[in-house]
K.L.:
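My structure is below; once you've seen it, I'll send some questions.
Below, read A as the first sequence line, B as the second, and so on, with proteins coming before strands; counting in each chain starts at 1.
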Number of protein chains: 2
Amino acid sequence: MTRDPALEPLTRSAEDYLKAILALSGEAAVSTTQIAQRLELSPASVSGMIRRLSDQGWLEHVPYRGVVLTDAGRRAALRMVRRHRLIETYLVDRLGFTWDDVHEEAERLEHAVSDQLVDRMAEALGHPRFDPHGDPIPRSDGTMDIPDYVAVPDLVTGEPMILHRVRTGDAERLRYIADAGLVPGAEVMLVSREPFDGPVTVRVGGGERVIAHDLAAMLLCVRE
Amino acid sequence: MTRDPALEPLTRSAEDYLKAILALSGEAAVSTTQIAQRLELSPASVSGMIRRLSDQGWLEHVPYRGVVLTDAGRRAALRMVRRHRLIETYLVDRLGFTWDDVHEEAERLEHAVSDQLVDRMAEALGHPRFDPHGDPIPRSDGTMDIPDYVAVPDLVTGEPMILHRVRTGDAERLRYIADAGLVPGAEVMLVSREPFDGPVTVRVGGGERVIAHDLAAMLLCVRE
DNA sequence: ATATAAATTTAGGCCGTCCGAATTTCCAGT
DNA sequence: ACTGGAAATTCGGACGGCCTAAATTTATAT
Ligand SMILES: [Mn+2]
Ligand SMILES: [Mn+2]
Ligand SMILES: [Mn+2]
Ligand SMILES: [Mn+2]
């Protein structure tokens, strides 16, 4: 029987670890190096933190194999994701931040806000379901809406779609694509596509844009 | 020559120490025990932190005598006070917090917000000069408006005044005086006063209130 | 002048978080 | 089955920040 994780409150660092592990969680267990790279820490540091988090029941660790979040760990991580994305949304909607400079701010504030403040922000914003990058905002119960996306390079040419989510956190890329009018909510249409992952031409805001395949693949659309 | 304090960024704890020392600074140097009591830490811990802060040039320490902030230390402390009070104001004005529950929240957020966010909040609020408790908000350059106050027990009876500042952080007291209509901006008038620091009767919001001398002394008024 | 009390500092420990270096484990290719 | 290299862990050390207990300094009272 693992100890009740609620008894050991999470530190700021631990909160970031859990969030990182959730983001890296796919089919397989998450490796030490993956976490180390994402958080820009040494693998040694990560090994140490993994021990503490596992002792406290936030994750399960199979040595040399990787970690998997426990239910408590996933809930805690989703709580941080909710905070992060709600804060980003609030900063953009209410305080004039741009979508390329909210991440850092949210990365710090997410550890400092109370549940009450998070609730108040959510309410003030009308309980938004997506953040400025189109990332879904988990509800308090951990559920969230994840639409069926089609990446721009995979669109049917000539069929109008709505850009819904931008899968990059890189500030320069974000500025570039915002300049091009490629923001969530924009109507986009695939015009043409060069073979071998070549450049992609999209119609957006009454003009045409040729963008790199890599970048286009980060732009996720939904129908209508 | 002391080292440039800007080279050693302040930790969260250090920021709270500087803020506490500024608040305790009067004529004389601030003693270790004063700081310890205010921050609810042991005097030994304070001694340790004083060494670090003094090594880094934020304050000057005369052993067994107390500390005095350097110019850099006072600027850093005022910066934190500005943050704290602006955050309190924002939470009350924009997010429905009450004046008795903003302090804790601000105490954490003050360490997490960027200068940019502080500026945005100030702008959104129209650069307020006072926080919800009537405490003056330092400007970025460290200056602030400090009106000439008269405490309620010292008022001239029958002369109408404006309640401007409430010198308590105690949540229960704050709720009590808010219930009585004694909030900054309210028109108040001293009706009578019992001798020997006895209870004080004030006229506020069309009614009369009898309050303890101690509490009345925390209510600071300005003319007109 | 001296004893006592109060304030302060020092000494020694603990915990969380990080690092580099050394070691162990795992796996793929022979 | 063996082995070299990659991945992960352990080890030793650092620092911040807190604690208690002991030692030291300063203030005060007789
Ligand atoms: Mn973070
Ligand atoms: Mn986002
Ligand atoms: Mn604080
Ligand atoms: Mn205040």
K.L.:
Hey, what's the ring geometry for A:Tyr90 with B:Tyr90, parallel, tilted or perpendicular (30° and 60° as the breaks)?
P.N.:
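The arrangement is perpendicular - the two ring planes meet at more than 60°.
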K.L.:
Hey, which sits more toward the 5' end of DNA chain D by its nearest nucleotide, B:Met49 or B:Ala44?
P.N.:
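Checking each residue's closest nucleotide, the 5'-ward one belongs to B:Met49.
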K.L.:
Please report the distance, rounded to the nearest Å, between CZ in A:Arg12 and C1' in D:dG16.
P.N.:
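Spelled out: CZ on A:Arg12 to C1' on D:dG16 is 13 Å.
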K.L.:
Find the distance B:Leu10:CG to D:dG17:C1' and express it as a whole number of Å.
P.N.:
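Result: 15 Å.
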K.L.:
Please check: side-chain N/O of A:Ser54 versus main-chain N/O of A:Glu60, any donor-acceptor pairing under 3.5 Å?
P.N.:
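Absent.
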K.L.:
Provide, to the nearest angstrom, the distance between the CG atom belonging to B:Leu53 and the P atom belonging to D:dC18.
P.N.:
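Checked: the CG to P distance equals 11 Å.
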K.L.:
Hey, is the side chain of B:His61 poking within less than 4.0 Å of OP1 or OP2 on C:dT9, counting only N and O atoms?
P.N.:
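Answer yes for this pair, as a side-chain N or O of B:His61 is under 4.0 Å from OP1 or OP2.
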K.L.:
Looking at C:dT8, D:dA27, D:dT10, which one has an atom nearest to any side-chain atom of B:Ser47?
P.N.:
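From the listed options, C:dT8 comes nearest.
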K.L.:
Answer yes or no on whether B:Arg120 is positioned over the face of A:Phe97, meaning its NZ or CZ is under 6.0 Å from the six-membered ring centre and within 45° of the axis.
P.N.:
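Cation-pi check for B:Arg120 and A:Phe97: passes.
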K.L.:
Looking at every strand, decide which applies to B:Ser45 at a 4.0 Å heavy-atom threshold: base, sugar-phosphate, or nothing.
P.N.:
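Base contact - B:Ser45 has a heavy atom under 4.0 Å of at least one base atom.
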K.L.:
Tell me yes or no: between the side chains of B:Asp141 and B:Thr143, is some donor less than 3.5 Å from an acceptor?
P.N.:
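Distance-only check passes for B:Asp141 and B:Thr143.
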K.L.:
Quick check for you: among C:dC18, D:dA8, D:dC18, whose closest atom lies nearest to any side-chain atom of A:Tyr64?
P.N.:
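Of the candidates, D:dA8 comes closest.
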K.L.:
Check this for me, if you would: do B:Arg108 and B:Asp16 make a salt bridge, where the nitrogen-to-carboxylate-oxygen distance has to be below 4.0 angstrom?
P.N.:
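No, no charged N to carboxylate O under 4.0 Å.
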K.L.:
Going by number, which of residues 16-39 of chain B have a non-hydrogen atom under 4.0 Å from DNA chain C?
P.N.:
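Contacting residues: B:Ser31, B:Thr32, B:Thr33.
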K.L.:
Whole angstrom is fine here: how far is it from CG in A:Leu41 over to P in C:dT17?
P.N.:
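Spelled out: CG on A:Leu41 to P on C:dT17 is 11 Å.
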K.L.:
Please state how far atom NE2 in B:His111 lies from atom P in D:dG16, giving the value in whole angstrom units.
P.N.:
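Distance check: B:His111 NE2 to D:dG16 P gives 18 Å.
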K.L.:
Return no unless some side-chain N or O of A:Arg51 is found under 4.0 Å from OP1 or OP2 of D:dT10.
P.N.:
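Yes, within the criterion.
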K.L.:
Whole angstroms only, please: what is the CD-C1' distance between A:Gln56 and C:dG16?
P.N.:
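For the pair A:Gln56 CD and C:dG16 C1', the rounded distance is 10 Å.
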K.L.:
Measure from CD on A:Glu15 to C1' on C:dT17 and round the result to the nearest Å.
P.N.:
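To the nearest whole Å, that distance equals 15 Å.
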K.L.:
Just the rounded figure in Å: distance from P of C:dT17 to CD of A:Glu40.
P.N.:
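Spelled out: CD on A:Glu40 to P on C:dT17 is 18 Å.
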K.L.:
At under 4.0 Å, does any side-chain N or O of B:Ser42 touch on OP1 or OP2 of D:dC18?
P.N.:
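Answer is no, no contact under 4.0 Å.
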K.L.:
Side-chain N or O of B:Arg65 less than 4.0 angstrom from OP1 or OP2 on D:dA27?
P.N.:
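Looking at the OP1 and OP2 atoms of D:dA27, one of them is under 4.0 Å from a side-chain N or O of B:Arg65.
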K.L.:
So if I apply the side-chain contact (heavy atoms from CB on, under 4.5 Å) rule between B:Asp100 and each of B:Arg173, B:Glu172, B:Arg175, B:His133, which one comes out positive?
P.N.:
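When B:Arg173, B:Glu172, B:Arg175, B:His133 are each tested with B:Asp100, the side-chain contact (heavy atoms from CB on, under 4.5 Å) holds only for B:Arg175.
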K.L.:
For B:Arg52, answer base if it contacts any base atom (sugar-phosphate contacts may also be present), sugar-phosphate if it contacts only those atoms, and nothing otherwise; contact means non-hydrogen atoms under 4.0 Å.
P.N.:
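The residue B:Arg52 makes base contact.
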K.L.:
Would the number of heavy atoms belonging to other residues, nucleotides or ligands and lying under 6.0 Å from CZ of B:Arg74 be above 12?
P.N.:
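Counting other residues, nucleotides and ligands, CZ of B:Arg74 stays at 12 neighbours or fewer.
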